[in-house]
Number of protein chains: 2
Amino acid sequence: MAERKSVPDPTLLRICRYLRILERHGAPTISSAAIAEAAGVNAAQVRKDLSFFGEFGQPGVGYDVKQLLSSLKKMMGLDREREVIVIGAGALGSALINYPGFENRGFKIVGVFDNNPAKIGHRLRGYEVMPIDRLAEVISEHNVSIGIIAVPRQSAQDVADALIEAGVYGIVNFAPVTLKVPDDVVVRSVDLTLQLETLAFHLDN
Amino acid sequence: MAERKSVPDPTLLRICRYLRILERHGAPTISSAAIAEAAGVNAAQVRKDLSFFGEFGQPGVGYDVKQLLSSLKKMMGLDREREVIVIGAGALGSALINYPGFENRGFKIVGVFDNNPAKIGHRLRGYEVMPIDRLAEVISEHNVSIGIIAVPRQSAQDVADALIEAGVYGIVNFAPVTLKVPDDVVVRSVDLTLQLETLAFHLDN
DNA sequence: ACTTGTGAAGCATTTCACAGCC
DNA sequence: GGCTGTGAAATGCTTCACAAGT
């Protein structure tokens, strides 16, 4: 929970987006203006964001893409593999399991869980679907630090409780509820309909 | 694009979450403190958020749940059905198509598109998958105002361009890129990995 | 006694603007 | 000439605190 120097959350999210831009950038160097243009933000914003992590650029030249990439990855904790599990083998869980963005960024799925007996034991895109009661076992065996909740709203809190009980400190929640967790657990939510709903407002106004 | 009185974006997102809380609330009235507790925010925040849309509460009593719900839905533009299309019939598109949250909130899917010949013509959870070149036709025929982009990063901008060309003014983008669009088009992005990536940082710090 | 609605204060984030460096 | 890094200004958002209503 505690941060060395308190990096603003919006900065963290933007840095991840810069990472993608850098990865697809051809030239060996890039300016803050070019990153800003690709990310749709202000150039000063880019420089300020980077400044939370150090000084990476050369005045008059810009940033060395390769070097900036590896520095940022390291500072963001994205330079090593992490074991994650997915709870919920429905349509969404299934989509997440083979979403390339996860494995590409070092998040290795080491378990898929569901409480539906019809699904348990079957293979889902290469992963065996396990019953929820094996959660704790898999978590400790693979040293899982992150759980991805892709179950219906009704069971999301129960799953979160089980994850925390088993020692998971990071949760990505795809269910449309606000999870109640202790202060030392970090929850980040992705709500599939929220943005769509706000769009209704924007189109009318 | 233009708003009557400029409602902050965070407020819009929270209002949508309050909507869900209200829908699941048993009692006929609710206080700002109760909404706040369920949403994990400050009670003053709830009152301020609601105040952007009007005065709905009674001092000493709270808010009439039914009345607040219907007022908010109306002000958010969620009181009527809207036609949407989904572009991309891969794992994610497929998950979105039968995600209950969409239809439940008045977003009616009237078309599913993909450019993969192997998928075109086949039915996907009840929807016929159509080729991208029928986009404009379906959009004008069904009066589609919102397009949901669930294609890989590489084709997302092309799809956005085609949507805009065909008269769509609202886009929900699930691809991990920043789309370039004219000022009168509203894009809202949902990034499936961004939150997971920031979690890596939080767990290390 | 309890709860709303809201000015005003407090805090956070973004943008500006420019000194300093290549 | 072009670009970074960063104080300072500007903006935006959240929380406080309280008058007013029931």
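Side-chain atoms are counted along with the backbone in the values below, which use heavy atoms only and exclude waters and symmetry mates.
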Peer 1: Please tell me which of the listed nucleotides, C:dA8, C:dT4, C:dG5, lies nearest to the side chain of B:E55?
Peer 2: C:dG5
Peer 1: Is B:L50 close to B:I15 at the side-chain level, that is, under 4.5 Å between some pair of heavy atoms?
Peer 2: yes
Peer 1: C:dG20 P sits how many Å from A:R47 CZ, rounded?
Peer 2: 16 Å
Peer 1: Given C:dC22, D:dA20, D:dC16, identify the nucleotide with an atom nearest to the side chain of B:P59.
Peer 2: D:dA20
Peer 1: Name the closest nucleotide to the A:S31 side chain, picking from D:dT4, D:dG7, C:dT6.
Peer 2: D:dT4
Peer 1: Using atom CG of B:D9 as one end and atom C1' of D:dC13 as the other, report the distance to the nearest whole Å.
Peer 2: 12 Å
Peer 1: I want to verify a distance call: between C:dT14, C:dC16, D:dT15, whose nearest atom is closest to the A:P10 side chain?
Peer 2: C:dT14
Peer 1: Does a side-chain N or O from B:R14 land closer than 4.0 Å to OP1 or OP2 of D:dT14, or not?
Peer 2: yes
Peer 1: Would you mind reading off the distance between B:Y18 atom OH and C:dT4 atom P, rounded to a whole angstrom?
Peer 2: 12 Å
Peer 1: Before accepting this row, confirm whether a basic side-chain N of the pair B:R105/B:E23 lies closer than 4.0 Å to the acidic partner's carboxylate O.
Peer 2: yes
Peer 1: Closest approach to the side chain of B:P8, judged atom by atom: which nucleotide of D:dG5, C:dG5, D:dC13 is it?
Peer 2: D:dC13
Peer 1: So, does A:Q58 get its side chain near the phosphate of C:dC22, meaning an N or O under 4.0 Å from OP1 or OP2?
Peer 2: no
Peer 1: On DNA chain C, does the nearest nucleotide to A:V61 precede the nearest nucleotide to A:D49 from the 5' side, or the other way round? Give the residue.
Peer 2: A:D49
Peer 1: For B:S32 and C:dT3, is the shortest distance between a side-chain N/O and OP1 or OP2 below 4.0 Å?
Peer 2: no
Peer 1: In whole Å, I'd like the distance from the CG atom of A:L12 to the P atom of C:dA12.
Peer 2: 16 Å
Peer 1: If you assign B:I30 and B:K48 each to the DNA chain C nucleotide with the nearest heavy atom, which residue ends up on the more 5' nucleotide?
Peer 2: B:I30
Peer 1: Out of the candidates A:L12, A:L78, A:V172, A:V7, only one should pair with B:T198 under the side chain to side chain contact (heavy atoms under 4.5 Å, CB included) rule; please name it.
Peer 2: A:L12
Peer 1: Taking all atoms of both residues into account, what is the closest heavy-atom pair of B:F53 and B:D49, and its distance?
Peer 2: CD1-O, 3.8 Å
Peer 1: Rounded to whole angstroms, how far apart are CG on B:L13 and C1' on D:dC13?
Peer 2: 13 Å
Peer 1: Rounded to the nearest Å, what distance is computed from the CG atom of residue B:D64 to the P atom of nucleotide D:dT22?
Peer 2: 15 Å
Peer 1: What is the distance from CG of B:N42 to C1' of C:dA9, rounded to the nearest Å?
Peer 2: 14 Å
Peer 1: Between C:dG5 atom C1' and B:L68 atom CG, what is the distance in whole Å?
Peer 2: 14 Å
Peer 1: Is the shortest heavy-atom distance from the side chain of B:F113 to the side chain of B:V151 under 4.5 Å?
Peer 2: no
Peer 1: Report yes if at least one side-chain N or O of A:Y63 is closer than 4.0 Å to OP1 or OP2 of D:dG5; otherwise report no.
Peer 2: yes
